[in-house]
Peer 1: 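Structure provided below as structure tokens; questions to follow.
Chain letters run A, B, ... following the sequence lines, proteins first, then strands; residues in each count from 1. Nothing here was measured: the structure is a model prediction, and the numbers come from that model.
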2 protein chains.
Amino acid sequence: MKNNITLKTIAHQLGISESTVSRVLNGKASKYRISKKTEEIILKTAKELNFTPNPLARSLRLNKTNTIGLVIPDISNPFFSSIARNVEQEARKLGYSIILCDTEEDTDLEKESLELLELRKVDGLIISPVGQTFNYIKRIYNNGMPIVIIDRYFPDLDIPYVTSDNYKGAFEAISYLIDNGHRSIACIQGLTHTSPNNERVRGYREALLNYHLPVDEALIVGDSFGEQNGYLETKLLLKNEKNITAIFSVSNLISLGALRAIYEEGLRVPEDISIISFDDQPYSDYLATPMTTVTQKNKEMGQISIKLLINQIESKIRFSSKCVILPTKLIKRKSVKLKNETGNTEDISTFNSYGSDHN
Amino acid sequence: MKNNITLKTIAHQLGISESTVSRVLNGKASKYRISKKTEEIILKTAKELNFTPNPLARSLRLNKTNTIGLVIPDISNPFFSSIARNVEQEARKLGYSIILCDTEEDTDLEKESLELLELRKVDGLIISPVGQTFNYIKRIYNNGMPIVIIDRYFPDLDIPYVTSDNYKGAFEAISYLIDNGHRSIACIQGLTHTSPNNERVRGYREALLNYHLPVDEALIVGDSFGEQNGYLETKLLLKNEKNITAIFSVSNLISLGALRAIYEEGLRVPEDISIISFDDQPYSDYLATPMTTVTQKNKEMGQISIKLLINQIESKIRFSSKCVILPTKLIKRKSVKLKNETGNTEDISTFNSYGSDHN
DNA sequence: TAAAGTTGCACAATTGTTTGTGCTAATTTT
DNA sequence: AAAATTAGCACAAACAATTGTGCAACTTTA
């Protein structure tokens, strides 16, 4: 049944030892002074028998699996699935396979997954952590496992990461809102204590401060990157007394929930309320109101992270926390009510629009 | 550095043979008449040392990797990523890990991936094939590899599959269009010669015939499930002389492309043109015009396929092609112009609305 | 008390590969 | 022609687990 051609098969057939066959097939013939004749006959019969070495035995002996663990909070979120795609493609080209683990945004599952992958002797890990704690990640890293963290990193953890410039992305988005006359801007957060969330909220705060606008803590709401959080918080925001004119939504799914609430309340975007969202999506342009978004370089995130990781794996050198921060870009569409349409004539000097000279 | 506690470590420490340790840890103590005392001390020190067997050695010996290959044309397509999510979750619960391969809709890459996975001795495969050819899939299956095919199956291939009732889904969608007065309906296809495409197109044809309407071959266009195909074909459809009033789009991405073309031409949905799409998406409700869609049971597809596969793996029994076809459902939103809004008073008897009694 | 039976475990082979070491035979040197 | 090289490869260990067989030692039976 199974393809059971091993080194032994070839060795027996030729009356040669397995070690010689192995050396020839690994290109070490000259190093071990195998004769041309022997080399040729081995190569020939290996091809004839369609021999391929058993990776399990190889891995066992060499302590190398050519396998990488990809740990992600939700593969069905298009942000992560597009990263997964690029990670997988690059990995394949470099001779590695991907073991996928979806942690369902659950810290316990994440811990389990990491332990499983460590047990399975993967050569390295790309983790987009849930982001609540990192002690077990650190443990595994200190055990010698190459790791790259993606998207949600930990400032206090000395492991290479690649992420977006979330602070600047948010800063620009909020500045854009302010420039267009918005003063009462809500921020619907994702999972708190995660770096992308913190950085985006920080961008929100500092943009307001930069324009000498007060930060109303009651307008910073929410606690998850999911759709339901967007829905609930928007519902509440729309019911309260503060007359918000814009919502800054910290993720694509939050935005979908926000839209659900907004339409349910019979409001229009952007006439009644503006919205600006992190994460551009293929459909962003075709929404009821095409969405103004902060887009991230997903493709590059995937590609860079895998390259950083394989560097770590193959060089055995550990850079002291080599990090990559990718620029974001504000894609202006129709979901923000503009100044000249608002009737709001209050003049706002545009100060030092942070970072407009970057990227 | 690495966690190098093996059976030997324990055996040495206790002055016991490795075989005894192995048997105790595998619960075969009584079968091999190991004394309670020995059993307990082994169990105790194994726990103390935090021993876990090396899966590579285990796999090598047992010829079982507890690993499943998931082969998919495009993981960034939300249809597939939601399937992947459910497959991964179920597999994990059952003690299997997923090796992910994205074939980029490329037959050669698919072949390579399958050979790689076979080499890696995965215990089984879940394949959503590109769908152009199946000889290498058949070869692997005949070699004894358990396989379940998902979404795109091959009618001539005797391998278990799980898919949607694409025919009926399309039939209902088209019937709905006809019931609402549409007569000139275009169909933008996906990859031809794939079963979901063929079945959906067949549903399209037969629904028309069922209403005694002619099938205009010139209105069946396209050749890919991607966005660009939707865009190009819609552009062309809108330029030609036949006054189509509705588009049946065979995939979610095609629909996005179609929308791009429609809006680019300054047309409105559904006033100027109606559209109905296969694949419901989280955003379908929030599009410029909420999209009427044929939704598939992605979650169930993932769960059922993994269960079928693991049945195959663990029972070693091969059902002669056990197949599962899941019902679809038409979600009526706003992208179809309805009869009472059309002014089209032509009376159409609704014949035997196929399958309205199912599900 | 010797034969028979049972208890409790060790030995060694096996899975397929890689690699350090070392041995024989051929070739070269002196 | 004997000694020294060198070519060409085999042997066996190691990676970490599983499993069939077998053998002491102990216990039971007659």
Peer 1: Name all residues meeting the ring pair (Phe, Tyr, Trp, His ring centres under 6.0 Å) criterion together with A:F134; count only those two or more places apart in sequence or in a different chain, and write none if there are none.
Peer 2: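 Checked A:F134 against ring pair (Phe, Tyr, Trp, His ring centres under 6.0 Å); matches are A:F154.
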Peer 1: Is there a salt bridge (Lys or Arg N to Asp or Glu O under 4.0 Å) between B:R85 and B:E88 once you walk through the steps?
Peer 2: CA-CA 5 Å; B:R85 171 167 228 240; B:E88 198 278 335; over 6 Å; no
Peer 1: Among B:N54, B:T65, B:T67, B:N66, exactly one meets side chain to side chain contact (heavy atoms under 4.5 Å, CB included) together with B:S59. Which residue is that?
Peer 2: B:T65
Peer 1: Would you jot down, in residue-number order, the residues of residues 26-42 of chain B having a non-hydrogen atom under 4.0 Å from DNA chain D?
Peer 2: B:N26, B:K28, B:Y32
Peer 1: Go through the structure and list residues passing ring pair (Phe, Tyr, Trp, His ring centres under 6.0 Å) with A:Y153, not counting sequence neighbours.
Peer 2: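 Expected list: A:Y161.
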Peer 1: Decide yes or no, distance alone: a donor-acceptor N/O pair under 3.5 angstrom between the base of D:dC11 and the side-chain of A:S19.
Peer 2: yes
Peer 1: Between C:dT17, D:dC11, D:dA16, which nucleotide gets closest to the side-chain atoms of A:F51?
Peer 2: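 Among C:dT17, D:dC11, D:dA16, the one nearest the side chain of A:F51 is C:dT17.
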Peer 1: Nearest to the side chain of A:A57 - D:dA12, C:dC11, C:dT17?
Peer 2: C:dT17
Peer 1: Does OP1 or OP2 of D:dA10 have a side-chain N or O of A:T20 closer than 4.0 Å?
Peer 2: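 Yes, such a contact exists.
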Peer 1: Which of these nucleotides, D:dC11, C:dT17, C:dG16, is closest to any side-chain atom of A:R58?
Peer 2: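 Comparing D:dC11, C:dT17, C:dG16 against the side chain of A:R58, the answer is C:dT17.
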Peer 1: Taking side chain as C-beta onward, heavy atoms only, is A:L100 less than 4.5 Å from B:I75?
Peer 2: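 No - every pair of side-chain heavy atoms lies 4.5 Å or more apart.
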Peer 1: Mind checking if B:L60 touches a base, just sugar-phosphate, or nothing, with heavy atoms under 4.0 Å?
Peer 2: base
Peer 1: In this structure, how many angstroms lie between the C1' atom of C:dT17 and the NZ atom of B:K121, rounded?
Peer 2: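 It works out to 13 Å between those atoms.
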Peer 1: Where the side chain of B:N4 is concerned, which of D:dA16, C:dA10, D:dC15 is the nearest nucleotide?
Peer 2: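 Nearest nucleotide to the side chain: D:dA16.
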Peer 1: Find the distance B:N66:CG to D:dA17:P and express it as a whole number of Å.
Peer 2: 15 Å
Peer 1: Using a strict threshold of under 4.0 Å (side-chain N to carboxylate O), is an ion pair present between B:E115 and B:K111?
Peer 2: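 Looking at B:K111 and B:E115, the cut-off is met.
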Peer 1: Which listed nucleotide (C:dA10, C:dT19, D:dA16) is nearest to the side chain of A:S22?
Peer 2: C:dT19
Peer 1: Across the strands shown, which category fits A:L56 at heavy-atom distances under 4.0 angstrom: base, sugar-phosphate, nothing?
Peer 2: nothing
Peer 1: Return the value, rounded to whole Å, for the distance between atom CG of A:L25 and atom P of C:dT17.
Peer 2: 9 Å
Peer 1: Indicate whether OP1 or OP2 belonging to C:dG16 is found under 4.0 Å from a side-chain N or O atom of A:T6.
Peer 2: no
Peer 1: Between C:dT17, D:dA17, D:dT21, spot the one nearest the side chain of A:L7, thanks.
Peer 2: C:dT17
Peer 1: For B:R23 and D:dA17, what is the distance between atoms CZ and P respectively, to the nearest whole Å?
Peer 2: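 Taking CZ of B:R23 and P of D:dA17, I get 15 Å after rounding.
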Peer 1: Given atom NZ of A:K64 and atom C1' of D:dA14, what is their separation to the nearest angstrom?
Peer 2: 20 Å
Peer 1: Figure out the CG/C1' separation between A:L49 and C:dG16, and round it to whole Å.
Peer 2: 16 Å
Peer 1: Is the shortest distance from a Lys or Arg side-chain nitrogen in B:E40 or B:K36 to a carboxylate oxygen in the other one below 4.0 Å?
Peer 2: no
Peer 1: Rounded to whole Å, please give me the gap between CG in A:N54 and P in D:dC15.
Peer 2: 18 Å
Peer 1: Picking from C:dG20, C:dA10, C:dT15, which would you name as closest to the side chain of A:K8?
Peer 2: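 The answer is C:dT15.
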Peer 1: What is the distance, to the nearest angstrom, from the CD1 atom on B:I10 to the P atom on D:dA16?
Peer 2: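 Between P of D:dA16 and CD1 of B:I10: 13 Å.
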Peer 1: Looking at B:D151 and B:S128, would you say the former's side chain and the latter's main chain have a donor-acceptor pair under 3.5 Å?
Peer 2: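 No; judged by distance alone, with no hydrogens or angles, the pair does not exist.
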